Student: 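Starting off with a structure, shown below.
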Amino acid sequence: MTEIKSSKGIHISLWIAQGLLAAAFGMAGFMKLFSPVADLAKNGMSFVNHYEVGTVRFIGVVELLAAVGLILPSALRIFPRLTPLAAAGLTLVMALATQYHIKQNESAIASIVLGLLCLFVAWGRFSKSPITAKA
């Protein structure tokens, strides 16, 4: 098996992106899971008015799990391939969020930026700077 050469700068940039994304999705997921839906709607998450409460809670669970998946597998070096899979899944979630915001005539800038960061982590951890599992 050939070893992939990775620059330290890319590796550090990926960890920074993973940390920022984990914080953003962790907080958003926590809010969607534990806040009253009416409060979410008042605080700028207008999409909750178009979905069942169970769907909003499900999105919260997915975001929390993805936030954990962005950090723990790589940090512990146990199944580190889960990190780029979490990032790839969040890329899809952000693509769907972007589509939703555009259809609602809302700003999609945040979902586009988060989606691009997720794509960067997925690309980087799959190919440019993968983390190897413990032996």
Side-chain angles (χ1 to χ4, degrees):
M1 179 187 283
T2 59
E3 188 172 320
I4 298 172
K5 290 285 184 177
S6 168
S7 78
K8 192 172 187 173
I10 290 286
H11 183 71
I12 292 169
S13 297
L14 286 166
W15 271 114
I16 291 169
Q18 285 170 242
L20 291 173
L21 288 169
F25 284 105
M27 288 186 290
F30 187 85
M31 286 176 20
K32 289 173 188 136
L33 194 56
F34 296 109
S35 296
V37 173
D39 289 351
L40 294 173
K42 288 178 196 172
N43 292 321
M45 292 188 194
S46 62
F47 84 94
V48 301
N49 295 321
H50 300 104
Y51 292 95
E52 298 290 328
V53 174
T55 302
V56 174
R57 302 296 187 221
F58 174 75
I59 293 169
V61 168
V62 168
E63 288 178 341
L64 277 174
L65 290 174
V68 170
L70 286 168
I71 300 295
L72 279 185
S74 291
L76 299 176
R77 294 181 45 205
I78 299 172
F79 300 114
R81 286 301 250 190
L82 292 176
T83 294
L85 289 172
L90 285 172
T91 302
L92 175 61
V93 170
M94 288 297 97
L96 295 171
T98 298
Q99 179 186 19
Y100 171 83
H101 290 301
I102 290 170
K103 281 185 178 180
Q104 297 297 318
N105 291 319
E106 299 173 350
S107 175
I109 293 172
S111 56
I112 291 169
V113 169
L114 288 171
L116 290 173
L117 275 173
C118 292
L119 186 61
F120 170 65
V121 171
W123 164 79
R125 290 301 182 208
F126 270 131
S127 63
K128 192 68 175 169
S129 185
I131 293 176
T132 56
K134 285 183 185 177

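Quantities reported herein were computed from a predicted structural model and do not represent experimental measurements.
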Student: Is it the case that E106 and S46 place a side-chain donor and acceptor less than 3.5 Å from each other?
Tutor: yes
Student: Is there a path from V53 to V48 through hydrophobic residues (I, L, V, M, F, W, Y) whose side chains come within less than 4.5 Å of each other?
Tutor: yes
Student: Closer than 3.5 angstrom, by distance alone: can the side chain of S129 be matched with the main-chain N or O of G124 as a donor-acceptor pair?
Tutor: no
Student: Return the minimal non-hydrogen interatomic distance between A122 and A88, and the atom names on each side.
Tutor: CB-N, 3.9 Å
Student: To the nearest 0.5 angstrom, please state how far the CH2 atom of W123 sits from the CD1 atom of I10.
Tutor: 5.0 Å
Student: Do F30 and V68 sit in the same hydrophobic cluster, where Ile, Leu, Val, Met, Phe, Trp and Tyr count as joined when their side-chain heavy atoms come under 4.5 Å apart?
Tutor: no
Student: With distance as the sole test, does T83 use its side chain to make a donor-acceptor pair with the main-chain N or O of G69 at under 3.5 Å?
Tutor: yes
Student: Minimum heavy-atom separation for A108 and S111, please, with both atom names.
Tutor: O-OG, 3.0 Å
Student: For residues L72 and L82: do they belong to one hydrophobic cluster (side chain heavy atoms under 4.5 Å, members Ile, Leu, Val, Met, Phe, Trp, Tyr)?
Tutor: yes
Student: Show the nearest heavy-atom pair for residues P130 and R81, with the distance to one decimal.
Tutor: CB-NH1, 4.5 Å
Student: What's the spacing between W15 CH2 and L70 CG if we round to 0.5 Å?
Tutor: 9.5 Å
Student: Give, for atom SG of C118 and atom CE of M94, the distance between the pair rounded to the nearest 0.5 Å.
Tutor: 7.0 Å
Student: Among all residues two or more places apart in sequence or in another chain, which pass the side chain to side chain contact (heavy atoms under 4.5 Å, CB included) test with Y51?
Tutor: F47, T55, V56, Y100
Student: Applying the 4.5 Å side-chain criterion to the ILVMFWY set and letting contacts propagate, would F126 and F79 be lumped into a single cluster?
Tutor: yes
Student: Could you state whether L65 and L33 fall into the same hydrophobic cluster, counting links through intermediate Ile, Leu, Val, Met, Phe, Trp or Tyr residues with side-chain heavy atoms under 4.5 angstrom apart?
Tutor: yes
Student: Are any non-hydrogen side-chain atoms of R125 and L85 less than 4.5 angstrom apart?
Tutor: no
Student: Test side chain to side chain contact (heavy atoms under 4.5 Å, CB included) on H11 and L14 and set out the steps.
Tutor: CA-CA 5 Å; H11 183 71; L14 286 166; 5.7 Å; no
Student: Please report the interatomic distance CG(L114) to CD1(I109), rounded to the nearest 0.5 Å.
Tutor: 12.0 Å
Student: For the CD1 atom of I131 and the CZ atom of R77, what is their distance to the nearest 0.5 Å?
Tutor: 8.5 Å
Student: Kindly indicate whether the side chain of L21, heavy atoms from C-beta on, has any atom under 4.5 Å from the side chain of L90.
Tutor: no
Student: Kindly compute the distance separating CG (L116) from OG1 (T98), expressed to the nearest 0.5 Å.
Tutor: 8.5 Å
Student: Please report the closest heavy-atom contact between A67 and G26, naming both atoms and the distance.
Tutor: CB-N, 3.6 Å
Student: To check you understand the geometry: which heavy-atom pair defines the closest contact between S74 and P80, and what is its length?
Tutor: OG-O, 4.1 Å
Student: What are the two closest non-hydrogen atoms of V121 and A87, and how far apart are they?
Tutor: CG1-CB, 3.7 Å
Student: Among M45, R57, M27, which residue meets the side-chain contact (heavy atoms from CB on, under 4.5 Å) test with K32?
Tutor: M45
Student: Taking side chain as C-beta onward, heavy atoms only, is I102 less than 4.5 Å from Q99?
Tutor: no
